[in-house]
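Okay, structure first, notes after.
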Amino acid sequence: MEFEIDQGKFLSALALAQTVADKRSTMPVLANVLINAHKDGHVVFSATDMMISLTESVPAEVKSPGALTLAVRSLYGVTRTLPDRPIRVRALDNHWAQLTVGRNEFKLMGTAHSDFPELPDPSGLEFTAAVGHALADLIQKTQFSVSTDDARVNLNGVLFECDGESATMVSTDGHRLTKYSAPFTGPKLAKGIIIPRKGMVEIRKVLDRIDGPVELAVDGQHFFVRAGALLLSVKLNNVTFPPYQQVIPSSHKRRVTALRDELLGVLRRAEVMAPEKTATVRLEIGDGSLKLTADNPDLGVAHQEIEVDYAGDTLVAGFNARYLIEVLEVIDTPKIYLEFQNELDPCVIRPVEGPDFLGVVMPMRI
Amino acid sequence: MAGPILHVDMDAFFASVEVRDDPSLRGRPVLVGGAGRRGVVAAASYEARRFGCRSAQPMAHALRLCPQAVVIWPRHDAYAAASRQVFAIFARFSPLVEGLSIDEAFIDLDGTQRLWGPPRAVAEAIRAAVRAEIGLTCSVGISSVKFIAKIASGMNKPDGLTEIHRGDELDFLAPLPIGALWGVGPRTEARLLQRGIRTVGDLRRLGEATLIEWFGAHGQHLHRLSRAQDDRAVIPDRAAKSISHEDTYERDLIGEDALRRHLLSQATRVADRLVAQGLRARVVHLKIRDSAFVTESRQCTLPRATDEQREIYAAACRLLATVETDERGFRLTGVGVASFESAHTTAQLDLLPPTPTAARGAALQTVLSAVRERFGHQALFPAAAGAERRPDTTGAISESLPQPHRPPPKRP
């Protein structure tokens, strides 16, 4: 194997491969990137952690085809320091690789390409064109409330439903839930699929690099994202998402209209003063006002008040400030609704007008 | 400088409890500990110590030194009960009691003089109360410096009382071997001996600058100790930071199934102790040592604090999955928990129940723990832990053993 490749293209392919490769796996080869040089003048870079797999094809001047794997971390480290000039990569005996730039030369130890696991193959699947930033938007607005509890596999990802014209993403960690629906052309799915947390992060990273259109496909096991010469596959969580509709309150007794920026401001200040572990704040709504109290025995007390649009009886409830902040951060309309039943019932936050978005947050017992 | 400090150390605690409960053992060498191939001596009576037996020795080694010794399986519940009684006596004399372990404590007598008289009188009163009420002896060291009180209690063991008066500290320390200092471990000791420093007096004469040159910041600490300077206070009620249960196995465990069975047993015991103390833990820890003595540990943080065996066990199994278990035998496993929260803090309410059976799980754990607390582990233990839940292990911690005695094994 021997090829010559542009430093910038080489580095960018390695940067992406590096985020996918698994440096702590019991399978050492997963810390490597598979480099496969093809006769027709392109080199394919592949990395996987067995859950997420990425391949990217980059044009290069291939002198002789061949393949080997190299530890991606050190290869990336070396390449990053090299000048922006063509890099010559050549396979030596015993899976060593030689990188040459001008008069600089690096030798890196690799392994045989046959050690590298086979990656999911989407050939035969029908891809549907989609708008990259629309998918990124769906992910960005729901990602934060995905559970990080490894024991709750069915909450470790986001539920993705798509009828071909609109899509819904739902995430929950058991204390709060976020649901966002938006117009979206994508693959028509008979039922929702669960995209695991790490997969969402990776999809976003890929989408951030792409300006043009993307193509999506789903088989029973994987979610594929194809963008130009780049293919990402994410293994789906093969479990059942909880029946989320049941926990979204269908009615409310009290509705507060507040300015999003103002509410976010007082919550951020309150969070600083709230007990570190629980972030508990006390929220009190009364005629025309919303009061927020944060009390940390080790630090002090913060009382704040903002004007809101509300007429009704007083309600006092405790909340994790972080949960409220994270919902408000992804709502980008000036006004929001806070809908309450009673002090121990879930609170629903949604934009007054605009996208079909809602956040459900369970209160704390105070 | 703080007020007078007592260091009370029970004499051959586990062995003394055994002798107290079985007078036929009086005057005989007694070893408490696991009797198996890999058993370790937890305590040796003074009769056994005469033969060179020491705690933490391999049992097989101790039995070669003293073949006629009586080996007794540890009864931690009995020791825990005796310990509680002893600490209750300490608490009568001062609120500032800092337990160092199950059988030793520092007691700060600052401000108790008018009530109880001079420290020596308090020490005598404590010794008399321990002897009369519990039937055990202890040794006491008195000094205004914490670490000197600890050294002093060891000077006249067993059943001794040593007081180092204020002003006598330097003379007391000077002839002691350097290894007697708290903070001089085997490595520091070897390095000092190599340079001809044998006693604390030698160490003092060396001077601070040289010690710092040799040992860095630790040198400064050593210098202060050699000058009887120790401003560490007696800190009462040092709460446990972690709870763990470890076992060393007679025969190596091979394969994940066997490992999981033992982890289940250990997770169950850890959960019981959490329930007993009204705590919940966020962090679960796995320790595992293979036949080549390679020790690995893993830990993870749970999204919510728990005291449930099922959750602790599940976490331990997830941690085990990250350990290479093929072609290795394991001689030790341990499950631990840390990062405690009280069971009654402000609670984040659930939108979805943590598991479909969460409420039942919590109730079940409470009942199971209560049953075992009352009737012992034989009464109700996970069947999946198998019959291996105790035999063949030396049981680093094996409280609540239901049977009073294990017959001593046949001696070689």
Side-chain angles (χ1 to χ4, degrees), chain A residues 22 24-28 145-156 170-179 240-249 274-275 277-282 295-296 317-323 342-348 359-366, chain B residues 256 263 267 279-284 286 288 290 296-328 337-359 361-362:
Chain A
D22 185 355
R24 288 180 301 181
S25 169
T26 47
M27 275 173 76
S145 60
V146 174
S147 169
T148 53
D149 179 357
D150 291 335
R152 301 178 82 175
V153 186
N154 64 337
L155 306 186
N156 276 172
V170 186
S171 69
T172 175
D173 63 5
H175 300 313
R176 53 187 170 152
L177 177 145
T178 314
K179 174 173 170 281
T240 312
F241 202 76
Y244 68 89
Q245 295 91 343
Q246 292 175 11
V247 299
I248 299 175
K277 263 188 189 165
T278 55
T280 315
V281 294
R282 181 179 178 277
D295 185 353
N296 181 344
F319 284 97
N320 180 329
R322 185 98 298 257
Y323 290 177
N342 296 308
E343 72 270 17
L344 297 181
D345 294 323
C347 164
V348 177
V360 185
V361 176
M362 261 327 255
M364 299 177 90
R365 210 184 283 276
I366 51 170
Chain B
E256 282 201 28
L263 295 185
L279 294 172
R280 287 161 195 260
R282 282 288 296 273
V283 171
V284 177
L286 170 75
I288 190 160
D290 70 9
E296 293 184 54
S297 19
R298 301 275 194 281
Q299 69 172 48
C300 64
T301 302
L302 302 175
R304 56 164 65 204
T306 187
D307 60 2
E308 281 182 51
Q309 168 247 74
R310 277 191 319 176
E311 290 184 45
I312 297 168
Y313 172 62
C317 287
R318 286 198 298 277
L319 294 171
L320 181 67
T322 68
V323 175
E324 181 60 70
T325 53
D326 292 348
E327 294 171 27
R328 285 168 86 183
V337 291
S339 183
F340 296 133
E341 288 170 14
S342 147
H344 319 280
T345 45
T346 49
Q348 169 67 50
L349 300 173
D350 288 320
L351 191 57
L352 300 158
T355 54
T357 54

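Since the model is a prediction, treat every value here as computed from it, not as a measurement. Naming convention: chains lettered A, B, ... in sequence-line order (proteins, then strands); numbering from 1 in each chain.
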Worksheet item: Does atom CD of A:Gln245 have more than 12 heavy-atom neighbours from other groups under 6.0 Å away?
Response: yes
Worksheet item: For A:Pro363, is it the side chain, the backbone, both, or neither that has a heavy atom closer than 4.5 Å to a heavy atom of chain B?
Response: both
Item to complete: For A:Arg176 and A:Val360, indicate whether the former's side chain and the latter's backbone hold a donor-acceptor pair under 3.5 Å.
Response: no
Response to the item:
The interface call for A:Tyr244 against chain B, heavy-atom contacts under 4.5 Å, is neither
Discussion item. Among residues at least two apart in sequence or on other chains, which ones pass side chain to side chain contact (heavy atoms under 4.5 Å, CB included) with A:Ala279?
Written reply: A:Asn320
Item to complete: Side chain from CB out, backbone as N, CA, C, O: work out which of these in A:Thr172 comes under 4.5 Å of a heavy atom of chain B, or both, or neither.
Response: side chain
Item to complete: With a 4.5 angstrom heavy-atom cut-off, could you sort out which part of A:Leu155 is near chain B: side chain, backbone, both or neither?
Response: side chain
Item to complete: Walk me through it: do A:Asp173 and A:Thr148 pass the test side-chain contact (heavy atoms from CB on, under 4.5 Å)?
Response: CA-CA 7 Å; A:Asp173 63 5; A:Thr148 53; over 6 Å; no
Less than 3.5 Å apart, which donor and acceptor atoms pair up between the side chains of residues 315-324 of chain B and the rest of the protein, not counting sequence neighbours?
| residue | atom | partner | partner atom | Å |
| --- | --- | --- | --- | --- |
| B:Thr322 | OG1 | B:Arg298 | NE | 2.8 |
| B:Thr322 | OG1 | B:Leu319 | O | 2.6 |
| B:Glu324 | OE2 | B:Asp326 | N | 3.4 |

Response to the item:
Applying a strict 4.5 Å limit to non-hydrogen atoms, the region of A:Arg24 in contact with chain B is neither
